[in-house]
Structures are given as structure tokens and as C-alpha cells.
Amino acid sequence: MPEGHVIHRLADELTAAFAGHAVRVLSPQGRFAAAAEMLDGSVLTSAEAWGKHLFIGFDERFVHVHLGLIGKLRWVPVGALTSPETLRLLITDGASAIELRGPQTCDLITAEERDALATALGPDPLRPDADEGRGWARVHASGRPIADLLMDQRIAAGVGNIYRCEVLFRAGLHPDVPGNQLSREQWRELWDDLVALMPAGVRDGRIDTVREAESPEVTGRPPRVDRHGGEVYVYRRAGDDCLVCGRGIAVRTLAGRKLYWCESCQPRR
DNA sequence: GCGTGATGTTGAA
DNA sequence: TCAACCTCACGCC
């Protein structure tokens, strides 16, 4: 369930609920049990997100969580313990409880290790200190297609399949355009769009990319919300009519992920 | 009830 | 390029 906006939202929620509180930290499944036992009863300092990585701070120690494709971190009723065999981590202060299942990563790390992980990532459109030029340098130097580059966490940390497909559509850019054929302005437009869209994703808890002109309110079409929870132009709309030109949305696999685009709204140029 | 795919990454071939 | 990992919700019977 995770592109960067989800992780940032969770970090904010964790901080709001737990910062400064002594918490219980449990790993009923056992795979994080030793670390959980060490942390149990200590004060959760704050939580922070870098791209799709979440760092839950306990003074100088951090629980590093990466949800991967299928991991889930969600708030649950206090006291409810369901399916402990898959419950990797449970954090509760008695007033709120959050549980982690199926993560790709759940490790206890030091501040230095956290810094190293963050440094290895590219600029995160959700962070005010993000240096967009670092991403551009890699894009400009690469012959890989822009649709591939947008998934590279060293170029724009936190971007996933939905944002990459949608941002390319909104820019009218064909997914196959090589990075080194993009102009500085074209990259800046993609970046600025991420900077506009992703905070809205954090705020709303869903990805909405459809502009006013194509919105249900203006066009009168029925709202169409995908399982991911938002209204989009191309993601998972293969074969459907393009909201702008009416042509069928195309799909193919690129680097193991499904890529969606509109052949006429996104010309090769 | 069963099979599949999914907002992801890593490591081997 | 592909398989593996980890879980669960959805579609199809």
C-alpha cells in the first residue's frame, strides 16, 4: 500500500499519537522479538519518513520499517490481538495501537545507520530540504526511459508506480523518452508536479491527480475511485477511455511493473 | 473456496 | 530478466 505519501502520513500520525510517551513494543510473531523486548517500555521520541523508509525513534535507536509491496502498518483498536502469527510489531501507549504486518524490512538501527540509509536516497519531494538538482543530474546522465528513472529512489525518493504514471500523463510525456533527451525544464515540470501532488496525497491519504477540467463535477461523469483510493488518469485504467482524449489507455510491463499511459496525450515527440 | 495481483526491493542468473 | 519475499483483498467459481 505504500508510496511515499503513505509513509509520511504514518510518520506524522505516529509522532502525533506517541511522541514523548512510554510505549509497549511487542512482536507476537517473534521475528522482531529481541529488539522489541529491548524497546518495550521506553519512550518513543518521534517518527520520520525518508521516501518510502520510516524511522521510528527511541532516543538514539530507530526502528527502520520498509513496507515493500505488501506490508501494512495500520491503527487498530487497543487491546485487540488478531492473527498474532503474522503480527511483526505492535506499538501501543494504551490510548492508541498500531500494528505492522508483512514488511519488507523491520530492523533496529543506530542513528548512523539511519543517516546512511537516508543519504543513499535521492531527493524526496515531500521534504522541504529536497535538492531537485541531484535527481536531474542522474536523469540527464541516463539513457534509460523516463518511466524507469522515475521509479529510481535515488532520483525521486518516495515516488512509486501511481505517481510515475500520473505525472508522466500530466506532463504529456511519453514513458519511453530517455532521460538524457529531457530538457531541464521538462524535468523541473515533473518534479514540481510531484511537489504539488504528493503533499495532497499526505493530506488526503489518497492519490488524486485528475485536474478540475476532467473532474466529475465539471464533466458530469460518475466519480471513479480505484482500489488505491483516488481518482487518476491512467493508473490501472488499461482499456478504459482516456479522460482527456477518449482513446483507450495503454498498458505494458516495464522493469517488472505495469506502466499505463495514453498514446495520443503522451506523444513520443 | 481458490488463484492472483499489488502503491516494492533485492539478489541471482 | 526473473524469482523470491511477505500478506491480504479481490475476482471468480
Side-chain angles (χ1 to χ4, degrees), chain A residues 1-11 27-33 49-55 63-76 80-90 98-107 109 116-118 120-122 124-126 144-145 147-170 175 193-194 197-210 224-239 251-261:
Chain A
M1 186 208 218
E3 294 196 26
H5 69 298
V6 173
I7 312 304
H8 281 259
R9 186 181 170 90
L10 284 164
S27 180
Q29 176 194 54
R31 292 182 61 168
F32 190 64
W50 281 87
K52 299 169 191 168
H53 296 254
L54 175 66
F55 303 104
V63 178
H64 171 218
V65 173
H66 193 298
L67 293 179
L69 187 58
I70 63 174
K72 289 188 174 55
L73 183 58
R74 56 192 170 193
W75 297 97
V76 294
L81 182 62
T82 53
S83 307
E85 66 281 358
T86 60
L87 182 48
R88 182 78 58 91
L89 174 65
L90 178 71
I98 196 164
E99 64 171 33
L100 173 68
R101 296 178 195 267
Q104 173 169 113
T105 303
C106 176
D107 288 325
I109 63 172
L117 284 161
L121 292 169
D124 179 343
L126 283 169
R144 287 155 59 206
D148 192 3
L149 294 170
L150 275 170
M151 296 289 276
D152 186 333
Q153 299 300 293
R154 296 169 303 179
I155 287 172
V159 172
N161 201 13
I162 304 179
Y163 281 122
R164 76 100 175 236
C165 291
E166 293 300 308
V167 109
L168 286 173
F169 178 89
R170 285 163 57 98
D193 207 23
L194 290 168
L197 289 173
M198 294 181 73
V202 177
R203 185 190 65 225
D204 302 336
R206 47 183 262 180
I207 297 177
D208 292 289
T209 61
V210 176
R224 181 199 155 284
V225 174
D226 184 79
R227 189 157 68 245
H228 80 280
E231 276 229 314
V232 293
Y233 281 109
V234 293
Y235 175 73
R236 274 174 55 108
R237 295 193 69 239
V251 62
R252 80 168 196 271
T253 298
L254 174 68
R257 311 301 301 283
K258 289 209 169 172
L259 170 67
Y260 303 86
W261 78 103

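Throughout, protein chains are lettered first and strands after them, A, B, ... in sequence-line order, and every chain is numbered starting at 1. Side-chain atoms are counted along with the backbone in the values below, which use heavy atoms only and exclude waters and symmetry mates. Please read all numbers here as calculations on a predicted model, not as lab measurements.
- Partner of R101(A) under the side-chain contact (heavy atoms from CB on, under 4.5 Å) criterion, chosen from R74(A), Q29(A), R88(A): R74(A).
- OP1 or OP2 of dT9(B) sits under 4.0 Å from a side-chain N or O of H66(A).
- One can place CG of D107(A) at 12 Å from P of dT10(B), the figure rounded to the nearest angstrom.
- Dashed line: the shortest gap from a side-chain N or O of R74(A) to OP1 or OP2 of dA9(C) is under 4.0 Å.
- Residues E166(A) and V234(A) are in side-chain contact: their nearest non-hydrogen atoms beyond the backbone lie under 4.5 Å apart.
- OP1 or OP2 of dT7(B) has at least one side-chain nitrogen or oxygen of Y235(A) nearer than 4.0 Å.
- Rounded to whole angstrom, the span from the CG atom of D226(A) across to the C1' atom of dT7(B) amounts to 10 Å.
- For Q29(A) and dT7(C), the shortest distance from a side-chain N or O to OP1 or OP2 is below 4.0 Å.
- Side-chain proximity of M151(A) to the nucleotides dC8(C), dT7(B), dG8(B) is greatest for dG8(B).
- Checking the phosphate oxygens (OP1, OP2) of dT7(C), no side-chain nitrogen or oxygen of R88(A) falls inside 4.0 Å.
- Here K52(A) reaches the OP1 or OP2 of dG8(B): one of its side-chain N or O atoms lies under 4.0 Å away.
- Between dA6(B), dC8(C), dG8(B), one nucleotide has an atom nearer to the side chain of T86(A) than all others, and that is dC8(C).
- What separates NE2 of H5(A) from C1' of dT7(B) is a distance of 7 Å, to the nearest Å.
- Between R164(A) and dT7(B) there is no side-chain polar atom (N or O) within less than 4.0 angstrom of OP1 or OP2.
- The Q104(A) side chain lies nearest to dT9(B) when the options are dT9(B), dC8(C), dA6(B).
- Residues L197(A) and I207(A) have side chains not in contact (no heavy-atom distance under 4.5 Å, counting atoms from C-beta outward).
- The distance from atom CG of L121(A) to atom C1' of dG8(B) is 13 Å, rounded to the nearest whole Å.
- Comparing the C1' positions of dA3(C) and dG5(B) gives a spacing of 16 Å, expressed to the nearest Å.
- Here the separation of dC8(C) from dT10(B), taken at their C1' atoms, is 22 Å to the nearest Å.
- In this structure, the side chains of E99(A) and L89(A) stay at 4.5 Å or more apart for every pair of heavy atoms.
- Under the 4.5 Å side-chain criterion, counting only non-hydrogen atoms from C-beta, F55(A) is in contact with L117(A).
- At whole-Å resolution of the value, CD1 in I162(A) and P in dT7(B) are 7 Å apart.
- Rounding to whole angstrom units, CD1 of residue I70(A) and C1' of dC10(C) are separated by 15 Å.
- Distance CG (L69(A)) to P (dA9(C)): 14 Å, rounded to an integer number of Å.
- Counting to the nearest Å, the C1' atom of dC6(C) and the CG atom of L100(A) are 11 Å from each other.
- Of the residues D152(A), L254(A), D148(A), the one that meets the side-chain contact (heavy atoms from CB on, under 4.5 Å) test with R164(A) is L254(A).
- Nearest-nucleotide positions on DNA chain C place P103(A) closer to the 5' end than the other of R227(A) and P103(A).
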